[in-house]
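A quick write-up on the structure given underneath.
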Amino acid sequence: MSNPLQRDRHLGLPGAVGLGVGAIVGGGILALAGVAFANTGPAAMLAFGLNGLIAMLTVLSFAEMSSKFPESGGTYTFAKKVLSVEAAFSVGWVVWFASIVAGVLYAIGFAYFLSRVAADLATATLGQSPSWVTADRTVTVLAVATTIGLGLQLIRRSAGGGNWINIGKVIVFSVLIAGGMWAVAGRPASDLNSSLTPFLSAGWMGLIQAMGYTFIALQGFDLIAAVGGEVRNPSRNIPLAMVLSLTIALAIYLPLLFVVATVGTAAGESIAEAAAAHTEEIVAIAAQNFLGSFGYWLVMVAAVLSMLSALQANLFAASRIAQSMARDNTLPASLMTLHPVRGTPVASIAVTAVIVVAILLVLPDVAQAGAAASLIFLVTFALAHWLAILVRRRSVSGTPFRVPWFPMVPVVGGASCIGLAIFQGIVVPAAGMIAAIWLSIGGILFLGLFARRARIVDAARVALNPETMRLRGHKNPLVLVPIANPDHAASLVSVAKSLAPPDIGQVLLLSVVAAPKQWNPVDDPQPLRAAQSVLGQALTASLANGLFPEALTTVAEQPWPEIARVASTHQCQTLVLGFRSTPDESTPSKVNQLMSRVNCDIVFLRSPNDWSPETGVRRILVPVAGRGGHDELLARLLGSWARTAERNVTFLRVMPESTSDAEVRKARRELARTARDHSFANATTAVELSNRSVQAVATQAAAHDVTVLGVQRVSRRSKLFGSFSLELARLTDCPLIFISRRG
């Protein structure tokens, strides 16, 4: 079933490539080339080349995952599909933070270079520049204003690549490289060899250090996966856009590093010495050496454009990560709010931009936070490699794009990312601490605010798409169905079938031979024959429903304790039981004892003998009495039904006649939220005022095909099949399902 919240796919291949190029090209090379040259000399080219190889391996794993799951969210979505909602939140939370911090760094970089351009222009025209032009406060104000402006621009239009900026900076870099190559052509070969000697000025350890410092310069291709839900023809365009954007970046970076190393230094000066003396400005100084002031201004223009496009791309992608998390209730649902006309996620863009602005104002020096962002990206890249391996092994439907040379590519790529992450953690210990603190804050928020609703949404979506259970590694979740009355077998089996995921779940039919300890089946074969007859009819009903269950016959004095024993022994996920149309007085006591003994979900069914949820359920009534304890099981049940047919679900709240209007409005809001969390079918809500709640529910139940409600939850381990349930069963003759969530 399609997700009504899925945005229209408006990004074609050029737009997706533009997003990647905007995030990768420019800012990283200008900021980190000096670091690389200072640590390893001319081998900085090799460092970037090896990092490019690792990045390309990572692109391949991202491409396979994105083609399999063409939704927005990137690594967050991959973790949600393959791991769990808790793991997905952890990944999404830190990736959102990393993208935000990257945006902060690019905002500061843009403001810094723009202020330098303004100062240089003022000096050239007026003879001097006012000190306030390059002051820290000016840089901060420019960074804040630019962030706000880009945020408003992203709200106004559905784009993110900033293609005109990309075209401009690619032209500038091309001119810069062409000028450098012209200078290289005019130099004797002996001079070129001398400038590249020694190639590894600090040995192999210096090369590894340079790789660790500069890998983040190639980050940005993952942002294409983060907005995958907005890319047209995603199985083709997402992998191709990732490969093209990284290829364009390397096609610019490697020649640029070559000309900087060969013709960018003064006579007699090595590139390592020049970079050590002018780490942050080495590219500008090199360009000035071989192109004069024109080269210097080219670098400054490239820096301004690069920082601006990277800021825009990170704001765009980070807002989509937040929107995807909000859709799953792992962040506040209000972040899903869309612009009424343009359809852009106005709330997630605004919140992301506000957080960037807050960090700019509170922490103007974010070097350590930037290192933490680099560490997070590397860890999540390694995670993507691991998830690609899991998906390939667990998925039965295949993926449109497949990583070549599997599993060598994800293994080598993942190990390389982990190695660089360890290096980053050692070099900047505060990076790991910042990441841990941010993750701890997120964990507290998740458990305190988001966990309950996020798990409900997750349960419903897993039920809608059972392949998720296979991808998460769940092995044959078992539904136990004790059969005592053969007339009920067909109905119980049909419910069990809906709860057992196709091709994954198993159904175990149980027939208990109730006999005393000294029973001799030779002398009294009737109990055994009756049990075999019941089991045979249940198997017949199962096969007629397209279900191929296992069957088990046991002997015990009392059936209820035996059911609990079998459920525990076989570690069943769900127990499906039938009960009489009018329960006798002993039923509540037996049921309550059973619920206290088993650690599994329990579904109690009262229905006509030939009733089936596959054919007899279109209108579902779900009475809600506040904050329930069975929401995940309810979501799983409704989701499994919605998987096979369109259903109309009504969530009903019955309140006393004395309830105030304000309380009624609050109840309506809560019901609407409950409906969004649980149901992917047509959902309606109703609040009814009545002092006879059982009678009110019974009246509504008569107009529906089935009524589903939870048993009373006394405590975490204690549930009660109480008077309300019994009275409702006596007042109605329509199908009833009572559910009890484990634990």
Side-chain angles (χ1 to χ4, degrees), residues 1 3-5 323 326-340 345-347 448-461 617-639 641-642 646-713 724-725 728 732 734 736-739 741:
M1 222 174 255
N3 190 335
L5 294 174
Q323 183 191 17
R327 183 178 298 139
D328 300 324
N329 280 339
T330 51
L331 284 180
S334 58
L335 293 182
M336 289 189 297
T337 303
L338 302 180
H339 192 283
V346 56
L449 299 177
F450 310 133
R452 174 178 169 270
R453 295 187 62 204
R455 288 165 180 160
I456 294 169
V457 172
D458 185 65
R461 292 187 175 171
V617 173
R618 289 295 179 270
R619 298 164 299 169
I620 305 169
L621 178 66
V622 181
V624 178
R627 189 183 179 94
H630 313 289
D631 303 280
E632 290 180 54
L633 176 56
L634 175 62
R636 188 158 66 92
L637 183 64
L638 295 178
W641 287 346
E646 192 74 19
R647 318 285 182 170
N648 296 287
V649 184
T650 299
F651 292 87
L652 171 68
R653 178 78 180 272
V654 179
M655 307 180 74
E657 295 177 359
S658 59
T659 303
S660 67
D661 292 342
E663 291 175 319
V664 170
R665 288 193 297 270
K666 179 180 178 182
R668 292 187 191 279
R669 290 194 298 270
E670 292 176 347
L671 274 184
R673 186 172 62 181
T674 299
R676 288 195 302 269
D677 292 346
H678 285 80
S679 179
F680 290 82
N682 297 324
T684 58
T685 61
V687 175
E688 185 170 334
L689 300 182
S690 174
N691 292 328
R692 301 178 62 192
S693 57
V694 179
Q695 184 63 54
V697 172
T699 301
Q700 291 281 351
H704 291 78
D705 298 321
V706 65
T707 299
V708 183
L709 68 163
V711 301
Q712 182 180 351
R713 189 180 180 94
F724 186 97
S725 303
L728 183 61
T732 62
C734 59
L736 295 176
I737 292 181
F738 297 96
I739 60 175
R741 172 68 176 162

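Each residue takes its place number in the sequence, starting with 1. Just the heavy atoms: all of them, side chains too, but no hydrogens, waters or symmetry mates, feed the values below.
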For R673, enumerate each residue passing the salt bridge (Lys or Arg N to Asp or Glu O under 4.0 Å) test, keeping only those at least two apart in sequence or located in another chain. none

Test V664 against L689 for side-chain contact (heavy atoms from CB on, under 4.5 Å), laying out the working first. CA-CA 9 Å; V664 170; L689 300 182; 4.0 Å; yes

Can you name the residues that form a side chain to side chain donor-acceptor pair (under 3.5 Å) with D328, not counting sequence neighbours? Y76, K80, R461

Search all heavy atoms of A454 against all heavy atoms of N329 and return the closest pair with its distance. CB-O, 3.6 Å

Can you confirm whether H678 sits close enough to D631 that some side-chain heavy atom of one is under 4.5 Å from a side-chain heavy atom of the other? yes

Hits for side-chain contact (heavy atoms from CB on, under 4.5 Å) against A703, two or more places apart or cross-chain, chain-then-number order -> none

Atom of E688, atom of Q700 and distance for their closest heavy-atom approach: OE1-NE2, 3.2 Å

Start with the C-alpha distance between T674 and V622, add both sets of side-chain angles, then the distance that settles side-chain contact (heavy atoms from CB on, under 4.5 Å), and finish with yes or no. CA-CA 11 Å; T674 299; V622 181; over 6 Å; no

Among residues at least two apart in sequence or on other chains, which ones pass side-chain contact (heavy atoms from CB on, under 4.5 Å) with V346? I155, T337

What one should report as the nearest heavy-atom pair of G710 and H630 is CA-CD2, 3.6 Å

Between the CZ atom in R453 and the CD1 atom in I456, the distance rounded to the nearest 0.5 Å is 7.5 Å

Can you measure from CZ (R653) to NZ (K666) and round to the nearest 0.5 angstrom? 9.0 Å

If the condition is side-chain contact (heavy atoms from CB on, under 4.5 Å), which residues does S334 pass it with, not counting sequence neighbours? P332

For V708, which of L633, I739, L621 qualifies under side chain to side chain contact (heavy atoms under 4.5 Å, CB included)? I739

Scanning both residues in full, the closest heavy-atom pair of P623 with V697 reads CG-CG1, 3.7 Å

Is the shortest heavy-atom distance from the side chain of T659 to the side chain of V687 under 4.5 Å? no

Minimum heavy-atom distance M655-E663, with the two atoms named: CE-O, 4.2 Å

Can you tell me how far apart CG (L634) and CG (L709) are? Round to the nearest 0.5 Å. 9.5 Å

When you measure from the side chain of R647 to the backbone of W641, do you find a donor-acceptor pair of N or O atoms at a distance under 3.5 Å? yes

Residues forming a side chain to side chain donor-acceptor pair (under 3.5 Å) with T684, sequence neighbours excluded: T650

If I compare all heavy atoms of R327 with all of V457, which pair ends up nearest, and what's the gap? O-CG1, 4.3 Å

Gap separating the CG atom of L728 from the CD atom of Q695, nearest 0.5 angstrom: 9.5 Å

With salt bridge (charged side-chain N to carboxylate O under 4.0 Å, His left out) as the rule and sequence neighbours excluded, what pairs involving residues 692-709 come up? R619-D705

If you measure from CZ on R676 to OG1 on T685, what distance do you get to the nearest 0.5 Å? 10.0 Å

T707 versus T732: any side-chain heavy-atom pair under 4.5 Å? no

